[in-house]
2 protein chains.
Amino acid sequence: MATDQLSVVFGALADPTRRAILGRLADGPATVNELAEPFDITLPAISKHLKVLERAGLISRGREKQWRPCRLEAEPLRAATEWMGRYRQFWESSFDKLDDHLRTLMKGTGQ
Amino acid sequence: MATDQLSVVFGALADPTRRAILGRLADGPATVNELAEPFDITLPAISKHLKVLERAGLISRGREKQWRPCRLEAEPLRAATEWMGRYRQFWESSFDKLDDHLRTLMKGTGQ
DNA sequence: CGGTTAATTAGCTAGTCGGTAAAGTATGCC
DNA sequence: GGCATACTTTACCGACTAGCTAATTAACCG
């Protein structure tokens with residue numbers, strides 16, 4: 001996968017286990033074992049997923065006694081959402097049913 | 001990569017070439033050669049990228065004479081954006097700086 | 001200290017990804 | 001038909017990914 005920030009973030013989101021982990025973290029911080037509990041995969045596999053999420057800046061990790069609590073860091077999702085925002089008009093209106101010429105024309109009118 | 005729709009869409013977006021192709025298609029339909037022109041990669045590589053985008057439902061392809069014009073289909077981005085929407089509060093407010101207890105408490109108040 | 005719990009690292013396998021070159025398919029046009 | 005244009009498919013390659021088991025590190029507890 002490419003190394004630019006957006007690619008890393010989208011790449012991190014392209015896995016249901018990682019999205020589920022983020023979902024869990026939306027309810028508050030959790031330890032690695034707590035995060036692993038719902039899944040049928042081993043702890044090392046979870047550890048790898050967490051590293052991917054950390055590289056994407058989607059989680060941060062503390063140190064508390066023998067636990068390493070994870071916490072959600074949603075900031076990178078702002079950039080991802082903003083990137084998608086460019087296309088919002090194409091799914092919120094019926095513009096995507098029109099041909100290019102007409103679309104260009106209408107864009108010029110400020111709608 | 002997993003096969004659920006959201007994973008396939010995020011996976012398709014996790015590559016800068018594919019995102020650039022979508023960017024080009026936002027200006028209107030284009031043929032494969034037109035899409036390939038800005039890049040330093042071979043046509044087969046572009047063809048593969050297009051197949052990934054098509055599998056994600058992000059483009060559709062027609063047939064006009066000997067050309068196979070591609071057109072943007074932004075609909076899948078709606079689901080992707082909606083998924084991220086769950087986390088909007090975490091980057092639009094300072095909630096993500098507070099601890100879980102406080103966040104839970106404030107959520108109960110409706111903001 | 002020794003043992004337990006928490007989590008990461010190392011090393012392996014199988015499969016996917018992004019790219020290539022070369023061959024194949026489809027259509028248009030003389 | 002025959003040739004050119006526009007892609008696509010096939011076969012291959014090196015790098016990366018997701019999973020495993022086994023071993024290691026780190027911190028607490030008695």
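Protein chains get the first letters and strands the later ones, always in sequence-line order, with residue 1 at the start of each. What you see is a predicted model; the values in this text were computed from it and never measured.
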**Request:** Please round to the nearest 0.5 Å and tell me the distance separating atom CD1 of B:I59 and atom NZ of B:K51.
**Result:** 11.5 Å

**Message:** Could you tell me how far apart B:R61 (CZ) and D:dA6 (P) are, to the nearest whole angstrom?
**Reply:** 15 Å

**Item:** Spacing between A:L13 atom CG and D:dA18 atom P, to the nearest angstrom
**Value:** 12 Å

**Request:** Measure the distance from CD on A:Q66 to P on D:dC29 and round it to the nearest whole Å.
**Result:** 7 Å

**Item:** Proximity to the side chain of A:R68 - top-ranked nucleotide from C:dA26, D:dA26, D:dT9
**Value:** D:dA26

**Message:** If the test is side chain to side chain contact (heavy atoms under 4.5 Å, CB included), which one of A:I21, A:V9, A:L13 qualifies with A:L53?
**Reply:** A:I21

**Request:** Supply the atom-to-atom distance B:E82 CD to B:L77 CG, rounded to the nearest 0.5 angstrom.
**Result:** 11.0 Å

**Side chain of A:I41 (C-beta onward), nearest among C:dG19, D:dG19, D:dC7** = D:dG19

**Fill in**
Of all heavy-atom pairs linking A:A30 and A:L25, the shortest is N-CD2, 3.8 Å

**Item:** Short side-chain N/O contact to D:dC7 OP1/OP2 from B:N33, under 4.0 Å
**Value:** yes

**Request:** Report the nucleotide, chosen from D:dG19, D:dC7, C:dT20, that has the shortest atom-to-atom distance to any side-chain atom of B:P44.
**Result:** C:dT20

**Prompt:** Which dot-bracket string fits DNA chain D when only Watson-Crick or G-U wobble pairs with both atom distances under 3.5 Å count, crossing pairs get [ ], and | stands for a partner on a different strand?
**Reply:** ||||||||||||||||||||||||||||||

**Request:** Would you indicate, yes or no, if D:dA6 has its OP1 or OP2 atom less than 4.0 angstrom from a side-chain nitrogen or oxygen of B:R63?
**Result:** no

**Prompt:** Can you find a side chain N or O atom of A:T42 that sits less than 4.0 Å from OP1 or OP2 on D:dC20?
**Reply:** yes

**Request:** Report the distance from atom CZ of B:F39 to atom P of C:dT20, rounded to the nearest whole Å.
**Result:** 13 Å

**Complete:** Heavy-atom nearest nucleotide on DNA chain D taken for A:G11 and for A:E64; more 5' hit belongs to A:G11

**Request:** Send over the distance from B:I46 CD1 to C:dG18 P, rounded to a whole Å.
**Result:** 12 Å

**Asked** Below 4.5 Å, heavy atoms only, C-beta onward: do B:V52 and B:R55 meet side chain to side chain?
**Response** no

**Request:** Using a heavy-atom cut-off of under 4.0 Å over every strand shown, decide if B:A45 touches base, sugar-phosphate, or nothing.
**Result:** base

**Request:** Write down the distance between NZ (A:K51) and C1' (D:dA18), rounded to a whole number of angstrom.
**Result:** 13 Å

**Message:** Strictly below 4.0 Å, N to O, side chains only: are B:R78 and B:E75 in salt-bridge contact?
**Reply:** yes

**Asked** Nearest nucleotide by nearest heavy atom, which residue falls closer to the 5' end of DNA chain D, A:R18 or A:K65?
**Response** A:R18

**Message:** Is it the case that the side chains of A:R19 and B:S7 hold a donor-acceptor pair, with the cut-off being a distance below 3.5 Å and no angle test?
**Reply:** yes

**Asked** Looking across every strand, which nucleic acid part, if any, lies under 4.0 Å from B:K48 by heavy atom: base, sugar-phosphate, or nothing?
**Response** base

**Spacing between B:L43 atom CG and D:dT9 atom P, to the nearest angstrom** = 12 Å

**Message:** Can you measure A:H49 atom NE2 to C:dA7 atom P for me and round it to whole angstrom units?
**Reply:** 16 Å

**Asked** Atom CH2 of A:W83 and atom CG of A:L6: how far apart are they, to the nearest 0.5 Å?
**Response** 7.5 Å

